[in-house]
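Below is one structure, written out as structure tokens; the observations come after it.
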Amino acid sequence: MSDLKTLKIREVISAIRNYERFMVLTHVHPDGDAMGALVAMQLIVRWLGKRVDAFTQDPCPPEYRFLPNVQQIRNKPPESIEYEAAILVDCGDLERVGEKFLDAVKATPFLINIDHHLVSNPFGNVNWVETTASSTCEMLFDLCMSLSLAPDKALSTALYTGILTDTGSFRYSNTNARVFEIISALVAFGADPARIASNVYDSATPEKLRLLARVLETMEFHASSRIVSAELSRSMLSDSPSTHIESEGFINHLRSVKSAEMAILFKETGDGLIHVSMRSRGDINVARLAQRHGGGGHKQAAACRIQGDLGTVRSMFIAEAVSYIDGDRRSQVV
Ligand code: 5GP
Ligand code: MN
């Protein structure tokens with residue numbers, strides 16, 4: 001372990017030991033790593049003998065409801081300031097906790113930021129940011145080891161889920177020997193790979209699959225099929241009992257096209273904004289493109305929100321993406 005990492009983990013541990021009452025939070029529209037890290041962090045802080053409550057602005061997506069203690073996660077901010085410290089996990093920017101929680105977090109005297117995103121404003125009083133970690137859950141495994149905490153089945157399940165989903169089931173370029181070492185340890189500690197995979201990947205409703213079919217019908221290819229795009233409109237959602245939350249993994253279907261170096265899914269959010277989700281392969285850095293529009297994320301998975309109607313935003317953004325992939329390629333060569 002690098003000296004800096006050891007130092008950061010020590011800072012986190014001593015900060016947790018200093019306080020008694022914690023809130024743990026993650027980003028809006030939580031994914032598997034966000035939910036896994038939220039649940040895991042709560043278990044770790046509780047193991048240290050502290051009082052801790054977990055919060056997310058958006059509800060837990062159905063495929064992660066099997067995680068331990070998710071029923072206890074609160075979706076409303078606390079009425080009064082009853083917490084001495086807040087721990088934010090997997091939350092690239094402070095604003096990503098969601099507008100409903102921002103005031104409560106800002107009013108908390110001490111902030112601990114634990115994250116692996118590419119760009120992270122150091123908003124915490126303690127910032128432990130590892131951009132080379134596959135997932136926040138990988139970092140929390142290291143935290144457990146530093147605490148000599150052998151994860152039980154519940155904690156192993158939460159950590160496994162975050163690593164599984166943030167590595168795209170061990171398919172993305174953040175999958176390495178260290179990931180498999182940790183995964184092997186987590187299975188030995190009680191995580192059940194088949195049960196977790198079945199909950200995460202094979203728990204769709206018929207309506208979700210119908211919605212996916214409609215989204216795939218809008219698929220278009222650009223720049224000699226190097227870019228693939230699709231859209232999810234409000235009207236598709238209003239015709240379906242499915243929600244935005246259930247569309248979380250749709251972009252992975254676009255990403256599976258062999259020729260596509262970049263996949264883009266445009267989702268109409270209902271507040272006049274279009275959520276633009278991006279995934280890339282190879283050298284293309286979609287986080288930089290997202291940042292141009294006030295968003296962010298990782299090199300190969302990023303998003304931003306753009307004001308406007310779906311059709312206009314889609315054609316404007318595709319034009320920008322087409323010139324971006326060429327420009328980005330050139331800047332890599334120079
Ligand atoms: P998604 O396409 O799943 O909405 O987001 C892809 C990735 O980008 C996720 O890792 C997510 O956390 C990150 N992301 C999405 N929106 C933003 C944003 O507004 N700011 C930052 N910093 N990251 C974002
Ligand atoms: Mn993550």
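Any value given below was found using the heavy atoms of this structure, including those in side chains, with hydrogens, waters and symmetry copies removed. For reference, positions follow the sequence shown, starting with 1. Order of listing sets the numbers, starting from 1, for every ligand and every atom in it.
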Considering only heavy atoms of [X], which atoms of ligand 1 have at least one such atom less than 4.0 Å away?
{"X": "Asp93", "value": "20 (N), 21 (C), 22 (N)"}
{"X": "Ser277", "value": "1 (P), 2 (O), 4 (O)"}
{"X": "His298", "value": "10 (O)"}
{"X": "His275", "value": "4 (O)"}

Would you mind reporting whether Ser134 and His116 have side-chain heavy atoms less than 4.5 Å apart?
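No; the side chains remain at least 4.5 Å from each other.
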Mind listing the closest non-hydrogen atom pair of Cys91 and Asp115 along with its distance?
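Heavy atoms of Cys91 and Asp115 come nearest at N-OD1, 3.5 Å.
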With heavy atoms only and a cut-off of under 4.0 Å, state how His29 meets ligand 1: side chain, backbone, both or neither.
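Under 4.0 Å from ligand 1, His29 contributes no heavy atoms.
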Are any of the heavy atoms in [X] under 4.0 Å away from ligand 1?
{"X": "Gly296", "value": "yes"}
{"X": "Gln291", "value": "no"}
{"X": "Ala302", "value": "yes"}
{"X": "Glu95", "value": "no"}

Does a donor on one side chain sit under 3.5 Å from an acceptor on the other, for Thr56 and Asp58?
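No pair is found: no donor N or O on one side chain lies under 3.5 Å from an acceptor on the other.
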Under 3.5 Å, is there a donor-acceptor pair linking the side chains of Asn285 and Ser280?
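There is no such pair (donor and acceptor under 3.5 Å, judged by atom type) between the side chains of Asn285 and Ser280.
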Taking the Mn ion (ligand 2) as the vertex, what is the angle from OD2 of Asp33 to OD2 of Asp166, given to 10 degrees?
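Taking the Mn ion (ligand 2) as the apex, I get 80° for this pair.
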Does the shortest distance from the Mn ion (ligand 2) to an N/O/S atom of Asp31 fall below 2.8 Å?
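So Asp31 does not bind the Mn ion (ligand 2) by this criterion.
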Near the Mn ion (ligand 2), is there an N/O/S atom from His117 that is less than 2.8 Å away?
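No, His117 does not qualify, because none of its backbone or side-chain N, O or S atoms lies under 2.8 Å.
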Using the ring of each side chain (for Trp, its six-membered ring), is Phe266 parallel, tilted or perpendicular to Phe317, with breaks at 30° and 60°?
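Perpendicular: the ring planes of Phe266 and Phe317 meet at over 60°.
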Ring geometry between Phe170 and Tyr160 (parallel below 30°, tilted from 30 to 60°, perpendicular above 60°)
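Plane angle over 60°, so perpendicular.
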For Lys8, all residues meeting salt bridge (Lys or Arg N to Asp or Glu O under 4.0 Å), sequence neighbours excluded
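Expected list: Glu11.
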Which is the closest N/O/S atom of His116 when seen from the Mn ion (ligand 2)?
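Within His116, restricted to N, O or S, the Mn ion (ligand 2) is closest to atom NE2.
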Return the name of the atom in Asp90, of element N, O or S, nearest to the Mn ion (ligand 2).
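Checking each N, O and S atom of Asp90, the shortest distance to the Mn ion (ligand 2) belongs to OD1.
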Under 3.5 Å between some N or O of ligand 1 and some N or O of Asp31?
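Such a contact does not occur with ligand 1.
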Not counting sequence neighbours, list each pair that qualifies as a side chain to side chain donor-acceptor pair (under 3.5 Å) and has a residue in residues 188-202.
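Sorted pair list: Ser169-Tyr201.
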Any chance you could lay out the salt bridge (Lys or Arg N to Asp or Glu O under 4.0 Å) test for Glu82 and Arg51, step after step, and finish with the verdict?
CA-CA 11 Å; Glu82 42 182 313; Arg51 226 194 80 189; 3.5 Å; yes
Might you work through the side chain to side chain contact (heavy atoms under 4.5 Å, CB included) test for His27 and Val97, ending with a clear yes or no?
CA-CA 5 Å; His27 59 78; Val97 290; over 6 Å; no
